[in-house]
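Scroll down for the structure; my scribbles are underneath it.
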Amino acid sequence: MKDCVKITEEIRKFTQAHVKASRYEHSVRVAEMCARLCRQYGLDDDKGYLVGIGHDMCKDFSEQELLELAEKDGNVISDYEKKNVFLLHGRAAAVIMKEKFGIEDVDILEAVANHTSGIKGMCDLTKCLFLADKIEPGRPQSTDEYRERLLKMPLSELIYSVILENYEYIVNKGYTIYPGTKEMVDFYKKEFESGNRK
């Protein structure tokens, strides 16, 4: 990708201009955590910072804006998403990254589009962004000890651990579960148990 640092700074400015201050601060923490995870697991940390700083750039957009942007990615908007339009903010952000900032990197676009709920068969960059969003230091459960324990794990164990923890939290709180989440938990359990220890 041409001039990743320049594009990242443009995305940072866009994010800062379009979200409330607390969400921007969250985005900075996610960017830093994602870059760290990328370094740890042998990925490009510049890409990690880029996806982190831009992942929530559309979080404060109106429902109409989110729907119009998400429709441009060519994927179906499910009934569940139509009832919970805020879930489309990642897909909307991926569209903006492609259209406004000229990003064609499929891993970057996948990571941003799917950072909220995750998907089966995530690329490693998507895993790192999903994880960074869930375990950045501003999250209530994310103590130094919590992160230290998790960051000793291979990536396959870490993604399974965090997805399972997130799933159990949602179930215990009685929240509606995103369609396909249980299947995703099972997918990453199988990947971890198969001995994929990268």
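Annotation: cation-pi pair Lys134/Phe130 present, NZ/CZ under 6.0 Å from the ring centroid and within 45° of its normal.
For the 3.5 Å distance criterion, the side chains of Tyr146 and Arg139 fail to qualify, holding no donor opposite an acceptor. Looking only at atom types and distance, the side chain of Glu191 has no donor-acceptor partner in the side chain of Ser156 under 3.5 Å away.
In terms of the side chain to side chain donor-acceptor pair (under 3.5 Å) criterion, Ser27 has no residue partners (sequence neighbours excluded). By the side chain to side chain contact (heavy atoms under 4.5 Å, CB included) test, Ile170 is found to be paired with Asn166, Tyr175, Ile177, residues two or more places apart in sequence or in another chain being considered. By the side chain to side chain donor-acceptor pair (under 3.5 Å) test, Gln64 is found to be paired with Glu68, residues two or more places apart in sequence or in another chain being considered. Applying the side chain to side chain contact (heavy atoms under 4.5 Å, CB included) criterion to Glu145, with sequence neighbours excluded, gives Thr143. Applying the side chain to side chain donor-acceptor pair (under 3.5 Å) test to Ser62 and every residue at least two apart in sequence or in another chain returns Glu65. Here Glu99 pairs with Lys72, Val95 under the side chain to side chain contact (heavy atoms under 4.5 Å, CB included) rule; sequence neighbours left out. Qualifying side chain to side chain donor-acceptor pair (under 3.5 Å) partners for Glu10, counting only residues two or more places apart in sequence or in other chains: Lys6. For Lys182, the salt bridge (charged side-chain N to carboxylate O under 4.0 Å, His left out) criterion is met by Asp186, not counting sequence neighbours. Under the rule for a side chain to side chain contact (heavy atoms under 4.5 Å, CB included), the partners of Leu164 that lie at least two apart in sequence or sit in another chain are Tyr160, Glu168, Val185.
Sorted by first and then second residue, the ring-ring contact (aromatic ring centres under 6.0 Å, His included) pairs involving residues 75-119 (not counting sequence neighbours) are Phe14-Phe101, His55-His115, Tyr80-Tyr178, His89-His115. The salt bridge (charged side-chain N to carboxylate O under 4.0 Å, His left out) pairs that include a residue from residues 74-90 are Glu81-Arg91, where partners are two or more places apart or lie in different chains.
Remark: side-chain polar atoms of Tyr188 are not paired, donor with acceptor, to backbone N or O of Glu157 under 3.5 angstrom. Side-chain atoms of Arg147 come within 3.5 Å of backbone atoms of Ser142 as a donor-acceptor pair (strictly under, hydrogens ignored).
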Show every donor-acceptor pair shorter than 3.5 Å between a side-chain atom in residues 29-38 and any protein atom, with sequence neighbours excluded, or say none if there are none.
unit_1 : atom_1 : unit_2 : atom_2 : d
Arg29  : NE     : Glu136 : OE1    : 2.5
Arg29  : NH2    : Glu136 : OE2    : 3.3

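Contact annotation: the side chain of Leu66 approaches that of Cys58 to within less than 4.5 Å [non-hydrogen atoms, C-beta and beyond].
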